[in-house]
2 protein chains.
Amino acid sequence: MMGIRAQQKEKTRRALVDAAFNQLNAERSFSSLSLREVAREAKIAPTSFYRHFKDMNELGLTMVDEGGLTLRQMMRKGRQRAEAGGSVIRISVDTFMEVLESNPNVFRILLHERSGTSAPFRAAVAREIEHFISELAHYTEATAKRSPELARAQAEALVTLVFNAGAAALDMKRVDRKILADRLVIQLRMVAKGSEALQHKMDK
Amino acid sequence: MMGIRAQQKEKTRRALVDAAFNQLNAERSFSSLSLREVAREAKIAPTSFYRHFKDMNELGLTMVDEGGLTLRQMMRKGRQRAEAGGSVIRISVDTFMEVLESNPNVFRILLHERSGTSAPFRAAVAREIEHFISELAHYTEATAKRSPELARAQAEALVTLVFNAGAAALDMKRVDRKILADRLVIQLRMVAKGSEALQHKMDK
DNA sequence: ACTTTGAGCGTACATCTGTACGCTAATTTA
DNA sequence: TAAATTAGCGTACAGATGTACGCTCAAAGT
(Lines give C-alpha, C1' and ligand atoms only; values in the text may rest on other atoms or scores of the structure.)
Protein backbone atom coordinates (compact mmCIF):
# COMPACT_ATOMS: atom_id res chain seq x y z
CA MET A 1 0.00 0.00 0.00
CA MET A 2 1.06 3.53 -0.69
CA GLY A 3 2.01 5.81 2.18
CA ILE A 4 0.44 9.22 2.60
CA ARG A 5 3.58 10.80 1.33
CA ALA A 6 3.79 8.75 -1.87
CA GLN A 7 0.13 9.41 -2.52
CA GLN A 8 0.57 13.13 -2.31
CA LYS A 9 3.58 12.97 -4.59
CA GLU A 10 1.66 11.00 -7.17
CA LYS A 11 -1.13 13.52 -6.99
CA THR A 12 1.21 16.40 -7.70
CA ARG A 13 2.82 14.50 -10.52
CA ARG A 14 -0.56 13.97 -12.08
CA ALA A 15 -1.32 17.65 -11.62
CA LEU A 16 1.78 18.43 -13.65
CA VAL A 17 0.91 16.03 -16.46
CA ASP A 18 -2.67 17.23 -16.55
CA ALA A 19 -1.59 20.85 -16.45
CA ALA A 20 0.61 20.26 -19.47
CA PHE A 21 -2.16 18.47 -21.39
CA ASN A 22 -4.58 21.25 -20.56
CA GLN A 23 -2.31 23.90 -21.94
CA LEU A 24 -2.15 22.20 -25.31
CA ASN A 25 -4.38 23.49 -28.05
CA ALA A 26 -4.24 24.46 -31.71
CA GLU A 27 -2.03 27.44 -30.91
CA ARG A 28 0.14 25.87 -28.27
CA SER A 29 2.44 22.91 -28.74
CA PHE A 30 4.27 21.05 -26.03
CA SER A 31 7.62 22.45 -27.05
CA SER A 32 6.29 25.96 -26.65
CA LEU A 33 5.36 25.33 -23.02
CA SER A 34 7.78 26.50 -20.40
CA LEU A 35 8.56 24.73 -17.20
CA ARG A 36 7.31 27.72 -15.28
CA GLU A 37 4.00 27.82 -17.10
CA VAL A 38 3.33 24.17 -16.36
CA ALA A 39 4.31 24.60 -12.73
CA ARG A 40 2.08 27.66 -12.46
CA GLU A 41 -0.91 25.76 -13.89
CA ALA A 42 -0.24 22.86 -11.53
CA LYS A 43 0.02 25.32 -8.64
CA ILE A 44 3.45 24.40 -7.45
CA ALA A 45 6.64 26.43 -7.31
CA PRO A 46 8.80 26.27 -10.46
CA THR A 47 11.63 24.62 -8.60
CA SER A 48 9.38 21.87 -7.24
CA PHE A 49 8.97 20.64 -10.77
CA TYR A 50 12.35 18.94 -10.44
CA ARG A 51 11.07 16.69 -7.68
CA HIS A 52 9.07 14.89 -10.37
CA PHE A 53 10.85 15.28 -13.68
CA LYS A 54 14.45 15.86 -14.66
CA ASP A 55 13.33 18.43 -17.20
CA MET A 56 10.53 19.25 -19.62
CA ASN A 57 11.66 16.54 -22.01
CA GLU A 58 11.00 13.88 -19.44
CA LEU A 59 7.51 15.25 -18.87
CA GLY A 60 6.90 15.26 -22.61
CA LEU A 61 7.98 11.69 -23.08
CA THR A 62 5.71 10.65 -20.25
CA MET A 63 2.87 12.39 -22.03
CA VAL A 64 3.60 10.70 -25.33
CA ASP A 65 3.65 7.28 -23.69
CA GLU A 66 0.47 7.97 -21.81
CA GLY A 67 -1.20 9.34 -24.90
CA GLY A 68 -0.28 6.34 -26.99
CA LEU A 69 -1.65 4.04 -24.35
CA THR A 70 -4.94 5.91 -24.09
CA LEU A 71 -5.25 5.79 -27.83
CA ARG A 72 -4.66 2.09 -28.16
CA GLN A 73 -7.09 1.30 -25.38
CA MET A 74 -9.84 3.29 -27.05
CA MET A 75 -9.21 1.81 -30.45
CA ARG A 76 -9.31 -1.66 -28.96
CA LYS A 77 -12.74 -0.94 -27.59
CA GLY A 78 -13.76 0.17 -31.06
CA ARG A 79 -12.53 -3.05 -32.56
CA GLN A 80 -14.76 -5.00 -30.22
CA ARG A 81 -17.65 -3.04 -31.58
CA ALA A 82 -16.59 -4.00 -35.09
CA GLU A 83 -16.70 -7.68 -34.26
CA ALA A 84 -20.44 -7.38 -33.88
CA GLY A 85 -20.58 -6.99 -37.66
CA GLY A 86 -20.52 -4.26 -40.28
CA SER A 87 -17.70 -2.67 -42.26
CA VAL A 88 -14.45 -2.86 -40.33
CA ILE A 89 -13.17 0.22 -42.12
CA ARG A 90 -16.23 2.30 -41.46
CA ILE A 91 -16.42 1.37 -37.81
CA SER A 92 -12.71 1.95 -37.26
CA VAL A 93 -12.90 5.39 -38.82
CA ASP A 94 -15.90 6.32 -36.75
CA THR A 95 -14.20 5.13 -33.60
CA PHE A 96 -11.11 7.06 -34.48
CA MET A 97 -13.07 10.25 -35.01
CA GLU A 98 -14.81 9.82 -31.70
CA VAL A 99 -11.53 9.34 -29.91
CA LEU A 100 -10.22 12.40 -31.64
CA GLU A 101 -13.12 14.45 -30.46
CA SER A 102 -12.96 13.38 -26.85
CA ASN A 103 -9.16 13.50 -26.50
CA PRO A 104 -7.95 16.21 -28.85
CA ASN A 105 -4.91 17.07 -26.78
CA VAL A 106 -3.66 13.52 -26.60
CA PHE A 107 -3.66 13.67 -30.35
CA ARG A 108 -2.08 17.03 -30.63
CA ILE A 109 1.05 15.99 -28.83
CA LEU A 110 1.41 12.86 -30.95
CA LEU A 111 0.74 14.63 -34.22
CA HIS A 112 2.92 17.59 -33.48
CA GLU A 113 5.88 15.81 -31.98
CA ARG A 114 5.85 13.27 -34.77
CA SER A 115 7.45 15.95 -36.90
CA GLY A 116 8.96 17.84 -33.98
CA THR A 117 12.52 18.84 -33.28
CA SER A 118 13.38 16.36 -30.56
CA ALA A 119 14.71 13.03 -31.77
CA PRO A 120 13.63 11.16 -28.62
CA PHE A 121 10.13 12.54 -29.06
CA ARG A 122 9.96 11.53 -32.68
CA ALA A 123 11.18 8.08 -31.76
CA ALA A 124 8.59 7.76 -29.02
CA VAL A 125 5.76 8.77 -31.33
CA ALA A 126 7.07 6.46 -34.03
CA ARG A 127 7.01 3.65 -31.50
CA GLU A 128 3.38 4.35 -30.67
CA ILE A 129 2.38 4.46 -34.30
CA GLU A 130 4.33 1.29 -34.92
CA HIS A 131 2.04 -0.47 -32.45
CA PHE A 132 -0.92 0.39 -34.62
CA ILE A 133 0.78 -0.63 -37.81
CA SER A 134 1.95 -4.02 -36.66
CA GLU A 135 -1.35 -4.88 -34.99
CA LEU A 136 -3.10 -4.03 -38.22
CA ALA A 137 -0.57 -5.87 -40.38
CA HIS A 138 -1.02 -9.05 -38.42
CA TYR A 139 -4.75 -8.75 -38.63
CA THR A 140 -4.62 -8.28 -42.41
CA GLU A 141 -2.11 -11.02 -42.94
CA ALA A 142 -4.34 -13.47 -41.09
CA THR A 143 -7.80 -12.52 -42.28
CA ALA A 144 -7.08 -11.34 -45.83
CA LYS A 145 -4.22 -13.69 -46.63
CA ARG A 146 -1.62 -11.17 -47.68
CA SER A 147 2.09 -11.78 -47.91
CA PRO A 148 3.91 -10.25 -44.92
CA GLU A 149 5.48 -7.53 -47.05
CA LEU A 150 2.23 -6.53 -48.66
CA ALA A 151 0.39 -6.65 -45.36
CA ARG A 152 2.99 -4.38 -43.86
CA ALA A 153 2.88 -1.88 -46.70
CA GLN A 154 -0.89 -1.89 -46.63
CA ALA A 155 -1.10 -1.39 -42.89
CA GLU A 156 1.39 1.44 -43.06
CA ALA A 157 -0.59 3.18 -45.78
CA LEU A 158 -3.83 2.80 -43.87
CA VAL A 159 -2.40 4.17 -40.66
CA THR A 160 -0.75 7.03 -42.50
CA LEU A 161 -4.01 8.04 -44.12
CA VAL A 162 -5.93 7.80 -40.87
CA PHE A 163 -3.45 9.83 -38.85
CA ASN A 164 -3.19 12.42 -41.53
CA ALA A 165 -6.94 12.79 -41.67
CA GLY A 166 -6.88 13.05 -37.91
CA ALA A 167 -4.52 15.98 -38.06
CA ALA A 168 -6.79 17.73 -40.53
CA ALA A 169 -9.89 16.93 -38.49
CA LEU A 170 -8.49 18.56 -35.37
CA ASP A 171 -9.12 22.01 -36.82
CA MET A 172 -12.56 21.23 -38.21
CA LYS A 173 -16.17 21.60 -37.23
CA ARG A 174 -18.37 18.55 -37.00
CA VAL A 175 -19.91 18.96 -40.44
CA ASP A 176 -16.57 19.12 -42.19
CA ARG A 177 -15.33 16.19 -40.17
CA LYS A 178 -18.16 14.11 -41.51
CA ILE A 179 -17.12 14.89 -45.08
CA LEU A 180 -13.52 14.18 -44.23
CA ALA A 181 -14.44 10.85 -42.64
CA ASP A 182 -16.40 9.81 -45.70
CA ARG A 183 -13.52 10.60 -47.99
CA LEU A 184 -11.15 8.79 -45.68
CA VAL A 185 -13.30 5.68 -45.89
CA ILE A 186 -13.07 5.80 -49.68
CA GLN A 187 -9.32 6.18 -49.54
CA LEU A 188 -8.95 3.27 -47.15
CA ARG A 189 -11.09 1.14 -49.43
CA MET A 190 -8.82 2.08 -52.31
CA VAL A 191 -5.83 0.80 -50.41
CA ALA A 192 -7.60 -2.40 -49.38
CA LYS A 193 -8.87 -3.08 -52.88
CA GLY A 194 -5.53 -2.26 -54.44
CA SER A 195 -3.65 -4.44 -52.03
CA GLU A 196 -5.99 -7.30 -52.88
CA ALA A 197 -5.34 -6.81 -56.58
CA LEU A 198 -1.58 -6.76 -56.07
CA GLN A 199 -1.80 -9.93 -54.00
CA HIS A 200 -3.74 -11.73 -56.72
CA LYS A 201 -1.19 -10.68 -59.28
CA MET A 202 1.57 -12.12 -57.12
CA ASP A 203 -0.32 -15.34 -56.52
CA LYS A 204 -0.53 -16.37 -60.11
CA MET B 1 16.05 49.29 -63.16
CA MET B 2 16.76 48.88 -59.48
CA GLY B 3 18.67 51.63 -57.67
CA ILE B 4 21.78 50.86 -55.67
CA ARG B 5 19.81 51.31 -52.55
CA ALA B 6 17.03 48.89 -53.47
CA GLN B 7 19.60 46.34 -54.60
CA GLN B 8 21.38 46.41 -51.29
CA LYS B 9 18.09 46.10 -49.45
CA GLU B 10 17.11 43.08 -51.49
CA LYS B 11 20.47 41.52 -50.78
CA THR B 12 20.03 41.89 -47.04
CA ARG B 13 16.52 40.55 -47.24
CA ARG B 14 17.83 37.47 -49.01
CA ALA B 15 20.54 37.14 -46.37
CA LEU B 16 17.80 37.01 -43.74
CA VAL B 17 15.76 34.38 -45.56
CA ASP B 18 18.86 32.30 -46.28
CA ALA B 19 20.06 32.66 -42.72
CA ALA B 20 16.74 31.32 -41.48
CA PHE B 21 16.78 28.40 -43.90
CA ASN B 22 20.32 27.57 -42.92
CA GLN B 23 19.47 27.38 -39.26
CA LEU B 24 16.81 24.76 -39.88
CA ASN B 25 17.72 21.15 -39.28
CA ALA B 26 16.35 18.04 -37.60
CA GLU B 27 16.75 19.63 -34.19
CA ARG B 28 15.72 23.16 -35.03
CA SER B 29 12.32 24.24 -36.30
CA PHE B 30 11.41 27.66 -37.57
CA SER B 31 9.30 28.45 -34.55
CA SER B 32 12.28 27.80 -32.31
CA LEU B 33 14.37 30.41 -34.09
CA SER B 34 14.60 33.81 -32.50
CA LEU B 35 14.67 37.08 -34.34
CA ARG B 36 18.06 37.78 -32.84
CA GLU B 37 19.52 34.49 -33.97
CA VAL B 38 18.44 35.05 -37.53
CA ALA B 39 19.75 38.60 -37.51
CA ARG B 40 23.06 37.38 -36.08
CA GLU B 41 23.43 34.76 -38.79
CA ALA B 42 22.60 37.34 -41.45
CA LYS B 43 25.11 39.71 -39.89
CA ILE B 44 22.84 42.61 -39.25
CA ALA B 45 21.76 44.24 -36.01
CA PRO B 46 18.63 42.76 -34.41
CA THR B 47 16.73 45.97 -34.83
CA SER B 48 17.50 46.15 -38.53
CA PHE B 49 15.39 43.07 -39.00
CA TYR B 50 12.31 45.28 -38.88
CA ARG B 51 13.38 47.13 -42.01
CA HIS B 52 12.51 43.95 -43.91
CA PHE B 53 9.84 42.06 -42.00
CA LYS B 54 7.18 43.12 -39.56
CA ASP B 55 8.06 40.14 -37.36
CA MET B 56 9.23 36.53 -37.48
CA ASN B 57 5.85 35.35 -38.69
CA GLU B 58 6.17 37.41 -41.82
CA LEU B 59 9.59 35.91 -42.48
CA GLY B 60 8.19 32.43 -41.96
CA LEU B 61 5.32 32.91 -44.35
CA THR B 62 7.75 34.17 -46.96
CA MET B 63 9.76 31.01 -46.47
CA VAL B 64 6.73 28.76 -46.82
CA ASP B 65 5.70 30.47 -50.05
CA GLU B 66 9.20 30.32 -51.42
CA GLY B 67 9.58 26.68 -50.39
CA GLY B 68 6.32 25.66 -52.02
CA LEU B 69 7.35 27.39 -55.21
CA THR B 70 10.74 25.69 -55.31
CA LEU B 71 9.09 22.37 -54.74
CA ARG B 72 6.56 22.70 -57.49
CA GLN B 73 9.19 23.85 -59.96
CA MET B 74 11.34 20.83 -59.25
CA MET B 75 8.45 18.39 -59.45
CA ARG B 76 7.41 19.91 -62.75
CA LYS B 77 10.85 19.20 -64.13
CA GLY B 78 10.47 15.62 -62.93
CA ARG B 79 7.16 15.26 -64.71
CA GLN B 80 8.81 16.25 -67.97
CA ARG B 81 11.22 13.42 -67.43
CA ALA B 82 8.27 11.07 -66.95
CA GLU B 83 6.78 12.03 -70.28
CA ALA B 84 9.73 10.34 -71.96
CA GLY B 85 8.20 7.04 -70.86
CA GLY B 86 8.32 4.64 -67.96
CA SER B 87 6.26 4.33 -64.80
CA VAL B 88 4.84 7.68 -63.79
CA ILE B 89 4.70 6.60 -60.18
CA ARG B 90 8.26 5.36 -60.05
CA ILE B 91 9.68 8.44 -61.72
CA SER B 92 7.68 10.81 -59.56
CA VAL B 93 8.85 9.10 -56.40
CA ASP B 94 12.46 9.20 -57.54
CA THR B 95 12.17 12.86 -58.40
CA PHE B 96 10.62 13.57 -55.06
CA MET B 97 13.40 11.82 -53.21
CA GLU B 98 16.01 13.75 -55.15
CA VAL B 99 14.33 17.04 -54.35
CA LEU B 100 14.19 15.99 -50.74
CA GLU B 101 17.87 15.28 -50.67
CA SER B 102 18.94 18.52 -52.27
CA ASN B 103 16.52 20.80 -50.39
CA PRO B 104 15.96 19.22 -47.01
CA ASN B 105 15.29 22.49 -45.26
CA VAL B 106 12.67 23.60 -47.69
CA PHE B 107 10.91 20.41 -46.73
CA ARG B 108 11.43 20.74 -43.06
CA ILE B 109 9.58 24.00 -42.81
CA LEU B 110 6.64 22.68 -44.82
CA LEU B 111 6.44 19.40 -42.92
CA HIS B 112 6.84 20.94 -39.53
CA GLU B 113 4.59 23.94 -39.94
CA ARG B 114 1.90 21.77 -41.49
CA SER B 115 1.16 20.60 -37.98
CA GLY B 116 2.53 23.69 -36.27
CA THR B 117 0.91 26.09 -33.86
CA SER B 118 0.36 29.05 -36.13
CA ALA B 119 -2.92 29.01 -38.03
CA PRO B 120 -1.60 31.27 -40.83
CA PHE B 121 1.34 28.93 -41.26
CA ARG B 122 -0.84 25.86 -41.40
CA ALA B 123 -3.06 27.58 -43.93
CA ALA B 124 -0.07 28.56 -46.07
CA VAL B 125 1.28 25.01 -46.09
CA ALA B 126 -2.17 23.61 -46.79
CA ARG B 127 -2.37 25.98 -49.76
CA GLU B 128 0.93 24.68 -51.12
CA ILE B 129 -0.09 21.06 -50.70
CA GLU B 130 -3.42 21.85 -52.30
CA HIS B 131 -1.54 22.88 -55.45
CA PHE B 132 -0.07 19.42 -55.69
CA ILE B 133 -3.35 17.68 -55.03
CA SER B 134 -5.38 19.57 -57.58
CA GLU B 135 -2.73 19.31 -60.28
CA LEU B 136 -2.63 15.59 -59.69
CA ALA B 137 -6.41 15.24 -59.54
CA HIS B 138 -6.81 16.94 -62.91
CA TYR B 139 -4.14 14.75 -64.40
CA THR B 140 -5.83 11.58 -63.13
CA GLU B 141 -9.29 12.69 -64.11
CA ALA B 142 -8.11 13.28 -67.66
CA THR B 143 -5.79 10.36 -68.28
CA ALA B 144 -7.40 7.66 -66.14
CA LYS B 145 -11.01 8.69 -66.58
CA ARG B 146 -12.02 8.96 -62.97
CA SER B 147 -15.04 10.76 -61.64
CA PRO B 148 -14.06 14.11 -60.12
CA GLU B 149 -14.77 12.92 -56.59
CA LEU B 150 -12.77 9.76 -56.96
CA ALA B 151 -9.91 11.58 -58.67
CA ARG B 152 -9.81 14.03 -55.81
CA ALA B 153 -9.81 11.36 -53.13
CA GLN B 154 -7.15 9.43 -54.98
CA ALA B 155 -4.91 12.45 -55.48
CA GLU B 156 -5.26 13.38 -51.85
CA ALA B 157 -4.29 9.89 -50.75
CA LEU B 158 -1.28 9.83 -53.05
CA VAL B 159 0.01 13.19 -51.90
CA THR B 160 -0.54 12.26 -48.28
CA LEU B 161 1.47 9.08 -48.66
CA VAL B 162 4.25 10.85 -50.51
CA PHE B 163 4.59 13.69 -48.03
CA ASN B 164 4.47 11.33 -45.13
CA ALA B 165 7.22 9.19 -46.60
CA GLY B 166 9.15 12.39 -47.19
CA ALA B 167 8.97 13.25 -43.52
CA ALA B 168 10.27 9.83 -42.61
CA ALA B 169 13.00 9.97 -45.24
CA LEU B 170 14.41 13.21 -43.86
CA ASP B 171 15.96 11.36 -40.95
CA MET B 172 17.27 8.45 -42.96
CA LYS B 173 20.45 7.35 -44.63
CA ARG B 174 20.48 6.64 -48.32
CA VAL B 175 20.10 2.87 -47.98
CA ASP B 176 17.00 3.14 -45.85
CA ARG B 177 15.57 5.75 -48.14
CA LYS B 178 15.80 3.30 -50.98
CA ILE B 179 13.75 0.76 -49.05
CA LEU B 180 11.28 3.44 -48.07
CA ALA B 181 10.94 4.59 -51.68
CA ASP B 182 10.26 1.05 -52.86
CA ARG B 183 7.56 0.57 -50.28
CA LEU B 184 6.09 3.94 -51.15
CA VAL B 185 5.83 2.90 -54.78
CA ILE B 186 3.90 -0.20 -53.75
CA GLN B 187 1.55 1.85 -51.62
CA LEU B 188 0.92 4.32 -54.42
CA ARG B 189 0.18 1.43 -56.77
CA MET B 190 -2.31 0.13 -54.24
CA VAL B 191 -4.15 3.40 -54.28
CA ALA B 192 -4.08 3.63 -58.06
CA LYS B 193 -5.28 0.04 -58.50
CA GLY B 194 -7.93 0.41 -55.84
CA SER B 195 -9.20 3.63 -57.30
CA GLU B 196 -9.50 1.91 -60.67
CA ALA B 197 -11.50 -0.91 -59.12
CA LEU B 198 -13.84 1.50 -57.37
CA GLN B 199 -14.35 3.41 -60.59
CA HIS B 200 -15.29 0.23 -62.47
CA LYS B 201 -17.77 -0.66 -59.80
CA MET B 202 -19.37 2.75 -60.15
CA ASP B 203 -19.48 2.50 -63.93
CA LYS B 204 -21.61 -0.57 -64.07
C1' DA C 1 11.13 8.99 21.01
C1' DC C 2 14.78 9.93 17.88
C1' DT C 3 16.63 10.76 13.49
C1' DT C 4 16.41 10.83 8.53
C1' DT C 5 14.19 11.83 4.34
C1' DG C 6 12.28 14.51 0.84
C1' DA C 7 8.29 17.40 -1.30
C1' DG C 8 7.54 21.93 -1.78
C1' DC C 9 8.95 26.87 -1.25
C1' DG C 10 11.30 31.49 -1.77
C1' DT C 11 15.13 34.01 -3.16
C1' DA C 12 18.49 34.97 -6.42
C1' DC C 13 20.99 35.25 -10.70
C1' DA C 14 22.70 34.99 -15.30
C1' DT C 15 20.93 34.72 -19.84
C1' DC C 16 18.01 35.50 -23.53
C1' DT C 17 14.20 37.62 -25.66
C1' DG C 18 11.52 41.42 -28.52
C1' DT C 19 11.49 46.00 -29.48
C1' DA C 20 11.37 51.36 -28.55
C1' DC C 21 14.19 55.31 -29.60
C1' DG C 22 17.36 58.25 -31.73
C1' DC C 23 21.48 58.67 -34.55
C1' DT C 24 24.38 58.39 -38.87
C1' DA C 25 25.52 58.43 -43.49
C1' DA C 26 24.60 57.25 -48.03
C1' DT C 27 21.24 57.39 -51.67
C1' DT C 28 17.33 59.44 -53.92
C1' DT C 29 14.45 63.20 -55.06
C1' DA C 30 13.39 67.94 -56.11
C1' DT D 1 23.04 71.73 -55.01
C1' DA D 2 19.90 71.37 -51.09
C1' DA D 3 16.50 68.61 -48.86
C1' DA D 4 14.25 64.35 -47.83
C1' DT D 5 14.37 59.49 -47.22
C1' DT D 6 15.79 55.29 -45.16
C1' DA D 7 18.89 50.94 -44.20
C1' DG D 8 21.46 49.79 -40.58
C1' DC D 9 23.44 50.52 -35.84
C1' DG D 10 23.97 51.02 -30.71
C1' DT D 11 21.97 51.64 -26.45
C1' DA D 12 18.58 50.52 -23.30
C1' DC D 13 14.90 48.22 -20.86
C1' DA D 14 11.31 45.24 -19.15
C1' DG D 15 9.96 40.65 -18.99
C1' DA D 16 10.58 35.72 -19.14
C1' DT D 17 13.26 31.67 -18.64
C1' DG D 18 15.96 27.62 -16.38
C1' DT D 19 17.93 26.38 -12.36
C1' DA D 20 21.29 26.57 -8.08
C1' DC D 21 20.89 26.86 -3.15
C1' DG D 22 19.20 26.46 1.34
C1' DC D 23 15.15 26.31 4.30
C1' DT D 24 10.93 24.11 6.46
C1' DC D 25 8.22 20.66 8.36
C1' DA D 26 5.42 16.58 7.91
C1' DA D 27 5.97 11.69 7.11
C1' DA D 28 8.74 7.44 7.33
C1' DG D 29 12.11 4.75 9.42
C1' DT D 30 14.55 3.12 13.50
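Chain identifiers are assigned alphabetically (A, B, ...) following the order of the sequence lines, protein sequences preceding nucleic acid strands; residue numbering begins at 1 within each chain. These numbers come from the heavy atoms of this one structure, side chains and all, not from hydrogens, waters or symmetry mates.
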B/Ser195-B/Arg146 side chain donor-acceptor pair, cut-off 3.5 Å: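 Judged by distance alone, the side chains do pair up.
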Starting from [atom2] on [N], measure out to [atom1] on [X] and report it in whole angstrom.
X	N	atom1	atom2	result
A/Lys43	C/dC9	NZ	C1'	17 Å
A/Tyr50	C/dA7	OH	P	16 Å
B/His52	D/dG8	NE2	P	4 Å
B/Leu33	C/dC16	CG	C1'	15 Å
A/Met56	D/dT19	CE	P	11 Å
A/Arg51	D/dT24	CZ	P	15 Å
A/Lys9	C/dT5	NZ	P	15 Å
A/Lys54	D/dG18	NZ	P	14 Å

Is B/Arg13 touching bases, backbone alone, or none of the nucleic acid, heavy atoms closer than 4.0 Å?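 The residue B/Arg13 makes no contact with any strand.
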Is the distance from OP1 or OP2 of [N] to the nearest side-chain N or O of [X] less than 4.0 Å?
X	N	answer
B/Thr12	D/dA7	no
B/Ser48	D/dC9	yes
B/Ser34	C/dT17	yes

Measure the shortest side-chain to side-chain distance between [X] and [Y] over non-hydrogen atoms and say whether it is less than 4.5 angstrom.
X	Y	value
A/Glu98	A/Ser102	no
A/His112	B/His112	yes
A/Phe49	A/Arg36	no
A/Phe53	A/Leu35	no
A/Arg90	A/Thr95	no
A/Met190	B/Glu196	no

For DNA chain D, what residues of residues 19-28 of chain B have any heavy atom nearer than 4.0 Å?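 Heavy-atom contacts with DNA chain D come from no residue of residues 19-28 of chain B; none.
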For the side chain of B/Gln8, starting at C-beta, report the closest nucleotide among C/dT19, D/dG8, D/dC23.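 The listed nucleotide nearest to B/Gln8's side chain is D/dG8.
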So, are [X] and [Y] salt-bridged, with charged N and O less than 4.0 Å apart?
X	Y	answer
B/Glu130	B/Arg152	yes
A/Glu128	A/Arg72	yes
A/Arg177	A/Asp171	no
B/Glu10	B/Arg14	no

Using the 3.5 Å cut-off, write out each protein N or O paired with an N or O of nucleotides 10-15 of chain D and the distance between them.
unit_1, atom_1, unit_2, atom_2, d
D/dG10, O6, B/Thr47, OG1, 2.9

What does nucleotides 25-30 of chain D look like as a protein-contact string, B for base, S for sugar-phosphate only, - for none, at under 4.0 angstrom between heavy atoms? -BBS--
Name the orientation class of the two ring planes belonging to B/Phe132 and B/Phe163 (parallel below 30°, tilted from 30 to 60°, perpendicular beyond 60°).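 Answer is perpendicular, since the angle exceeds 60°.
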